[in-house]
Amino acid sequence: MSDEIVFGIHAVSNVLKRSSERVREMYVQQGRDDERLQELFSLAKQNGISVQVVKKPFLDEKAEGNHQGIALRVKPLQVKGENELLRQLDALDEPAFLLVLDSITDPHNLGACLRTADAAGVHAVIAPKDKAVGITSTVSKVACGAAETVPFYQVTNLARALKELQERGIWLYGTAGEASESVFKTDLKGPIAIVMGAEGKGLRRLTREACDHLIHIPMQGDVSSLNVSVATGVCLFEALRQRL
């Protein structure tokens with residue numbers, strides 16, 4: 001796999017602090033010497049990372065968004081699969097709190113979901129390998145460091161992985177606009193996985209059939225649905241409210 005570019009102050013900071021062994025070199029924009037970049041520069045030096053001072057067009061070309069004058073060239077994150085997921089679940093000493101993303105293809109949505117999952121204290125995020133986005137530089141940037149902190153697993157067969165969760169006593173709550181049960185009236189305090197559908201299409205048939213319950217977010221206005229990352233935030237923080 002080819003190297004990846006991580007860019008933006010928060011994303012770069014988290015990589016340097018949590019997995020500096022992945023970093024091959026740092027790029028800093030010429031003429032940028034503000035305090036936040038200097039802190040990252042020092043972190044890189046402490047870890048023996050080569051620092052290259054480059055012109056803005058170089059970073060503009062490397063990054064897929066607002067790089068804030070800083071970027072890293074890193075080895076790709078090792079993809080974690082079903083076996084690693086099950087090992088983590090077996091090691092938990094509290095009720096599992098999981099997020100399942102069924103075929104999310106927009107990196108901005110995945111990044112936002114990871115950021116929300118981190119804030120809500122989710123133990124792991126699970127997604128299929130095929131027809132879904134993985135961790136990219138854009139995902140890392142939008143996630144603001146959560147791509148480094150939240151365990152992210154990509155499984156070959158999502159329906160089979162969901163069955164494995166059920167066999168471990170984890171209840172699956174799928175989101176669907178036509179569901180009769182409101183997320184706000186559902187008991188989400190035990191071992192659970194919130195299952196979110198893809199942008200526009202919702203849950204695939206096999207994923208929907210695997211869920212123990214289908215829930216919806218009550219909508220009061222004229223808009224019929226929410227962006228998947230917003231809906232994820234509503235569901236996760238309702239679960240967190242109950243669990244606290």
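Numbers here are sequence positions counted from 1.
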Within the distance-only criterion (no hydrogens, no angle test), does the side chain of R115 pair as donor or acceptor with the backbone N or O of A146 below 3.5 angstrom? no

Straight-line distance of S140 OG to F7 CZ, nearest 0.5 Å: 8.5 Å

Any donor-acceptor N/O pair, R243 side chain to L188 backbone, under 3.5 Å: yes

Honestly curious: do L162 and I192 fall in one hydrophobic cluster under the side-chain, below-4.5 Å linking rule? no

Please evaluate residues K56 and R32 with respect to the criterion side chain to side chain contact (heavy atoms under 4.5 Å, CB included), reporting the C-alpha separation (whole Å), side-chain torsions for both, the decisive distance (0.1 Å), and the verdict. CA-CA 10 Å; K56 185 175 182 293; R32 292 290 301 272; over 6 Å; no

Please step through salt bridge (Lys or Arg N to Asp or Glu O under 4.0 Å) for the pair E25 and K62, ending with a clear verdict. CA-CA 13 Å; E25 60 183 335; K62 290 283 187 185; over 6 Å; no

Common cluster, V122/L86, ILVMFWY with side-chain heavy-atom separation under 4.5 Å: no

Classify the ring geometry of F58 against Y27: parallel below 30°, tilted from 30° to 60°, perpendicular beyond 60°. perpendicular

Report yes or no: do T156 and E82 form a side-chain donor-acceptor pair below 3.5 Å? no

Might you work through the side chain to side chain contact (heavy atoms under 4.5 Å, CB included) test for L206 and R208, ending with a clear yes or no? CA-CA 5 Å; L206 289 177; R208 178 188 294 258; over 6 Å; no

Under 3.5 Å, is there a donor-acceptor pair between the side chain of S19 and the main chain of E21? no

State plainly whether the residues D90 and R168 are in salt-bridge range, i.e. N to O under 4.0 Å. yes

Is the backbone N or O of A210 less than 3.5 Å from a side-chain atom of Q166, with the two atoms forming a donor-acceptor pair by type? yes

For A132 and S103, the nearest pair of non-hydrogen atoms, with its separation, is CB-CA, 3.9 Å

Do the side chain of E84 and the main chain of G81 share a donor and acceptor less than 3.5 angstrom apart? yes

E4 CD to L72 CG distance, which is reported to the nearest 0.5 Å: 11.5 Å

Compute whether any side-chain donor of one residue and acceptor of the other, for Y173 and E181, lie under 3.5 angstrom apart. no

Quick one: does L203's side chain get under 4.5 Å of V195's, heavy atoms only? yes

So, taking the atom named CD1 in I170 and the one named CD in E167, what distance separates them when rounded to the nearest 0.5 Å? 11.0 Å

Which heavy atom in T136 sits nearest to a heavy atom in P107, and how many Å separate them? OG1-CB, 3.9 Å

Taking C-beta and beyond as the side chain, do D60 and H67 meet within less than 4.5 Å on heavy atoms? yes

Is a salt bridge present between R18 and E148, judged by a nitrogen-to-oxygen distance below 4.0 Å? no

Do M26 and L16 make a side-chain contact, defined as non-hydrogen atoms from C-beta onward lying under 4.5 Å apart? yes

Evaluate the side-chain proximity of P151 to V125: yes if any heavy-atom separation is below 4.5 Å, no if none is. no

Do the charged groups of E61 and K55 touch, with an N to O distance under 4.0 Å? no

If we ignore angles and hydrogens, is there a donor and acceptor under 3.5 Å between the side chains of Q52 and S50? yes

Closest non-hydrogen atoms of G233 and T116, given as atom of the first, atom of the second and distance, are CA-CG2, 3.5 Å

Of the non-hydrogen atoms in C235 and I194, which two are nearest, and what is the gap between them? CB-CG2, 4.0 Å

Donor-acceptor pair, side chain of H123 and main chain of F97, under 3.5 angstrom: yes

Considering only heavy atoms from C-beta outward, does the side chain of V74 approach that of R24 to under 4.5 Å? no

Any donor-acceptor pair under 3.5 Å linking the side chain of N47 with the backbone of I49? no

Looking at N14 and H10, would you say the former's side chain and the latter's main chain have a donor-acceptor pair under 3.5 Å? yes

Other residues, nucleotides and ligands only: do more than 12 of their heavy atoms fall within 6.0 Å of CZ on R204? yes

Please assess K17 against L43 for the test side chain to side chain contact (heavy atoms under 4.5 Å, CB included), listing each intermediate value before the final yes or no. CA-CA 8 Å; K17 291 175 181 177; L43 265 177; 4.0 Å; yes

Checking the side chain of Q68 only, and the main-chain atoms of I9 only, is there a donor and an acceptor separated by less than 3.5 Å? yes

At what distance, to the nearest 0.5 angstrom, does CD of Q154 lie from CG of D130? 9.5 Å

In the structure I gave you, are the side-chain heavy atoms of T175 and H216 within less than 4.5 Å of one another anywhere? no

Going by atom types alone, do Q242 and E238 pair a side-chain donor with an acceptor below 3.5 Å? yes

Spell out, yes or no, whether V139 and M196 are grouped together once hydrophobic residues are joined by side-chain heavy atoms under 4.5 Å, including indirect joins. yes

Measure across L158 and D102 and return the closest heavy-atom pair with its distance rounded to 0.1 Å. CD2-OD1, 3.6 Å

Given side chain to side chain contact (heavy atoms under 4.5 Å, CB included), test S20 with V15 step by step and report yes or no. CA-CA 6 Å; S20 61; V15 171; over 6 Å; no

Measure across V142 and G111 and return the closest heavy-atom pair with its distance rounded to 0.1 Å. CG1-C, 3.8 Å

Okay, side chain of D187, backbone of K189: is any donor-acceptor separation there less than 3.5 Å? yes

Report yes if the side chains of F184 and V234 come closer than 4.5 Å at any heavy-atom pair, otherwise no. yes

If hydrophobic clusters are built by linking Ile, Leu, Val, Met, Phe, Trp and Tyr wherever their side-chain heavy atoms come under 4.5 Å apart, do V53 and I70 end up in the same one? no

So L101 and N109, do their side chains get closer than 4.5 Å, heavy atoms only? no

When rounded to the nearest 0.5 angstrom, what distance separates CG in L40 from OG in S13? 5.5 Å

Can you hop from F152 to L98 via hydrophobic side chains spaced under 4.5 Å? no

Atom pair CG/CG of L165 and L172 - distance to nearest 0.5 Å: 6.0 Å

